[in-house]
Amino acid sequence: MPRKPSSPSWGKPPWEIRFKPPRPQRDLPRIADYVVVGGGFTGLAAAAWLRRLAPHQSVVLLEAHHIGAGASGRTGGMALAETAAGDQPGLGDVLSGFRKILETLEVDCDLDLRGAWEIARSAPKNQARSESPRNSPIDWQDSGTLRVVNQVPGGTVDPGKLVSGLAAAANRAGVQIFENHRVSRIRWRKTPEIEIEVGARQLASIAAGRVLLATNALSMAITSLRKGMHPRLTLALLSEPLPERILKDIGLAARHPFYTLDFPYLWGRVRRDRSVIWGAGLVHSPDSNDLDAVNIRSAESAGTLSRLEERVRQLHPALNQVKYTHRWGGPILFRDSWKPVFDWHPHSEGTKNAIVAGAYAGHGVALSSYLGKWAAEILTDQGPKLPRWGQINS
Ligand SMILES: Cc1cc2nc3c(=O)[nH]c(=O)nc-3n(C[C@H](O)[C@H](O)[C@H](O)COP(=O)(O)OP(=O)(O)OC[C@H]3O[C@@H](n4cnc5c(N)ncnc54)[C@H](O)[C@@H]3O)c2cc1C
């Protein structure tokens with residue numbers, strides 16, 4: 001008996017995902033040229049791009065919950081260059097590629113690439129692109145004095161608008177989007193047979209010409225991501241909108257998003273309404289493969305969130321009385337090398353009919369769409385080969 005695909009208890013982020021698949025939903029076809037599993041940034045961008053490259057072929061997107069239910073609808077929204085492990089051979093310019101994808105798909109997500117600040121308790125050894133810490137607008141107390149040490153390419157998006165915009169683009173392009181369709185198993189054949197739990201009870205299946213698995217930190221039994229992979233829930237807070245004078249006092253008036261280079265980790269950004277997102281802290285799952293089971297009201301998550309609240313209050317006297325309006329978490333996948341996964345699924349090595357993309361760590365806002373497009377190019381035999389750095393076992 002299939003289990004009910006209830007939504008995870010990860011709290012509610014402050015933005016809405018306005019996209020709803022057209023109703024009435026059509027019946028799931030028995031066969032599709034391309035099946036994309038996962039309705040986050042990776043899967044949505046890939047699905048939309050597949051239809052651009054192969055307009056006469058069918059593309060089905062299967063999402064276990066609702067579009068954006070994973071990291072993409074819960075992200076901090078900092079758009080960063082490169083990967084979490086830095087630049088990689090043949091990667092190209094992620095940020096300008098991301099911008100072009102948004103322009104081509106006509107996605108408006110308030111993209112603002114004014115640069116991101118790296119902050120740290122001491123100056124980094126390589127000061128090439130650094131700001132002088134003496135002129136740092138940020139001067140916070142947090143296990144030492146946190147100051148701006150670098151400005152790097154990057155900026156921000158509105159995650160709700162990015163998820164909704166990519167989903168609307170995929171829908172306009174003719175992708176058949178099915179929410180509440182959880183892939184439970186794949187029978188690896190020349191034409192993979194995908195088994196699906198629909199809602200609470202029904203089972204269905206679809207034969208897929210080619211597949212993209214874009215479930216990131218979730219459903220790792222299906223993606224076969226194991227060795228050196230660490231799925232976690234990462235947590236975030238939103239403060240009430242702060243007066244401009246407080247943003248000036250704390251050094252955030254210029255609206256650059258920021259993240260620490262050293263530990264304890266801290267990241268954040270100012271939103272358009274002057275509220276501030278602050279993030280830090282990771283929560284383990286009771287069963288390391290099932291982040292769905294983590295509840296942000298659990299003792300571990302609640303404790304991590306309270307410590308983060310207290311840390312933010314202590315950063316600067318102007319933040320002492322700040323009130324928080326939202327607390328939430330989202331799934332994130334790290335791997336030991338910090339490089340993303342972008343590879344053929346191990347069971348499709350011979351047939352090369354399924355790609356796995358994910359494990360971007362906290363660096364997936366721009367990279368996920370970028371690799372989603374690249375995956376679509378490879379699946380339609382129109383793109384550069386999969387890079388060595390993305391190999392599952394590298
Ligand atoms: C709190 C938080 C803050 C972050 N901040 C930043 C940031 O500021 N900058 C940055 O660059 N990155 C950040 N990240 C990382 C970034 O958000 C992710 O790398 C990116 O969203 C991953 O997109 P995705 O589409 O690959 O995965 P996801 O968005 O996780 O999508 C996977 C989808 O697959 C679905 N799914 C899972 N299993 C199945 C199944 N069996 N069948 C069907 N569907 C399934 C899920 O429901 C989900 O919708 C953050 C992540 C979190 C959680």
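Atoms within each ligand, like the ligands themselves, are counted from 1 in listed order. Every value quoted in this text rests on a predicted model; they were computed, and no experiment measured them.
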Of Gly372, Ser219, Ser369, Pro257, the residue with the heavy atom nearest atom 38 (N) of ligand 1 is Ser219

- request: Compute the minimum heavy-atom distance from Gly279 to ligand 1 and say whether it is under 4.0 Å.
  value: no

Atom 30 (O) of ligand 1: closest protein heavy atom, distance to 0.1 Å, is Ala71 N, 3.0 Å

Exercise for review: Answer yes or no: is there a donor N or O on one side and an acceptor on the other, between the side chain of Asp273 and the main chain of Pro241, under 3.5 Å?
Suggested key: no

Atom 44 (N) of ligand 1: closest protein heavy atom, distance to 0.1 Å, is Ala64 N, 3.0 Å

Contact region, Tyr360 to ligand 1, non-hydrogen atoms below 4.0 Å, reads side chain

If you scan protein heavy atoms around atom 24 (P) of ligand 1, the nearest is Thr42 OG1, 3.4 Å

Note: Met220 and Asn216 closest approach over all heavy atoms is CG-O, 4.1 Å

Closest to atom 9 (N) of ligand 1 among protein heavy atoms sits Met78 O, 2.7 Å

In this structure, atom 36 (N) of ligand 1 is nearest to the protein heavy atom Thr215 CG2, 3.8 Å

Min over Ala84, Gly76, Ala217 of heavy-atom distance to atom 3 (C) of ligand 1 lands on Gly76

If you scan protein heavy atoms around atom 6 (C) of ligand 1, the nearest is Thr75 OG1, 3.1 Å

Nearest non-hydrogen contact to atom 2 (C) of ligand 1 from the set Val36, Ile332, Thr234 belongs to Thr234

In this structure, atom 22 (C) of ligand 1 is nearest to the protein heavy atom Asn216 ND2, 3.8 Å

Out of Ala45, Pro340, Gly38, Ser72, the nearest non-hydrogen contact to atom 29 (O) of ligand 1 is supplied by Ser72

Is there a heavy atom of Gly77 sitting under 4.0 angstrom from any atom of ligand 1? yes

- Quick one: does Ala236 get within less than 4.0 Å of ligand 1, heavy atoms only? no

Exercise for the section: Would you check whether Ala361 reaches within less than 4.0 Å of ligand 1, judged by its heavy atoms? Expected result: yes

Residues Arg51 and Gln57: closest non-hydrogen pair is NH1-O, 2.8 Å

Counting heavy atoms under 4.0 Å, the part of Ala357 that contacts ligand 1 is neither

closest protein heavy atom to atom 42 (N) of ligand 1 is Val183 N, 2.9 Å

Within the 4.0 Å heavy-atom cut-off, what His181 brings close to ligand 1 is backbone

